[in-house]
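The first residue of the sequence shown is numbered 1, and numbering continues consecutively from there. Counting starts at 1 for both ligands and their atoms, in listed order.
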Amino acid sequence: MSAEQASTLWCELAWLGGERAEAGVLIELDGERIASVATEVTSPPRQATTLAGLTIPGFANAHSHAFQRALRGRTQAGRGDFWTWRDRMYEVAEGIDPDVCFALARATFAEMALAGITAVGEFHYLHHGPGGFRYDDPNAFGKAVIEAAREAGVRITLLDSCYLEGGIDTEVHGAQLRFSDGSYEAWAERVDRLEEDPVARVGAAIHSVRAVDPEAAAQVAAFAAERSWPLHAHLSEQPAENEECVAAYGKTPTALLEEVGALSERFTAVHATHLAEADLRLLGSGGCGVCLCPTTERDLADGIGSARRLVEAGATLSLGSDSNALIDMIEEARAVELDERLESGVRGHHSAADLLRAATASGSVAIGWPEAGHIAPQALADLATFGLDGVRLAGTAADHAIESVVFAAAAADVRDVIVGGRFIVRDGAHLRLDVAAELNDAIAALPS
Ligand SMILES: [Zn+2]
């Protein structure tokens, strides 16, 4: 048995999905799965590895574009909006080849591991070479991203994104040429060649109603349904998208996606920031997921979504780091509540446990890993432990541990991370990679 492999874990405190953390939780593992969970075990048995602090299921980061990690700090000067930010993002995308992508994604996924993320949904749309040039392996980028996650130690769902238009009835141009397969058929033929394995799964994405026409969107939705894959789409991130969609089709983006058969329990709308009443009802009655990405949404001046009303309508929330301007799922989680407080003047829209659920179990379902995100028998042994003895969390009482972590912790408080029963982070350090050095080297390799 390797030093990374755990067999018996004793958690000082663990969150098992309720409103309070449990003290003295003994978790027996069977390979990559949890075999049994016992509570009120007051001291660690001799053979157990102790996890000091609060242990929770590993986070599922349900929406990421790993390469955008390189934009951190490069887009903050001067006035602008989402669209000027997008121009800068396209410049970075133009400078990436599969080798650069691999290094950048590996470092970024390793940063995610340090933050307690054990599974990532990578919304992947950078498919081809400069000008749309086809590599010998048309999945060179997708495979690089999957391999990067494997080496960083986290599970991945490659949400392969169809991207065919530069805007409604607009040809792709510039960097967008690298995103487009040219047709739905070419996209499907390429995606069908991707292979899954024990740590990597594949899902489908409609980039947005800006980038995929209704006929192709219907085809992508049917393709995902045939395979029971997750289906994701950027939805109503900006008012301009709504206006263009209504002008072209006489419908909101949500209504359009409903019409083409995209909405279902396997569907996750990403952002869903600017919704009409009818949109809320469609997403809710469809049992859809909605992935909020609050740190990106505030960074890009997108706006504040209607998280509470989405939940009341029947939608299930998950969370994503999206542009990776920050990688901190706790910050994403509390921002859902705190943003809504700022807008409404009212506190208490979402409990700490509900926010953790969005960041763990619901996110896992959204990216097609329903057997992760729980500390329970048969679940995958994917765990993250927050130390409670650092300056931010010192003084935490067991009764309020969930609230303390959700409203005061930082990613830097994550001490130990386990994926499939194996430690990938111990005492705050990644066991395989020098993450800061890898980030440095990967970003330095990009054209400035
Ligand atoms: Zn995105």
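Around the Zn ion (ligand 1), protein N, O or S atoms at less than 2.8 Å comprise His63 NE2, His65 NE2, His234 NE2, Asp322 OD1.
Taking the six-membered ring for Trp and the full ring otherwise, the centers of His65 and Phe123 sit less than 6.0 Å from each other. Outside the 6.0 Å centre-distance limit, the rings of Tyr163 and Trp187 are not counted as a close aromatic pair. Between His274 and His271, the distance separating the two ring centers is not shorter than 6.0 angstrom. The six-membered or imidazole ring of His207 lies near that of Tyr125, with a centre-to-centre distance under 6.0 Å.
Within the cation-pi definition used here (under 6.0 Å to the ring centroid, within 45° of the axis), Arg86 does not qualify as a partner of Phe82.
Surrounding CD of Glu312 are more than 12 heavy atoms belonging to other residues, nucleotides or ligands, all under 6.0 Å away.
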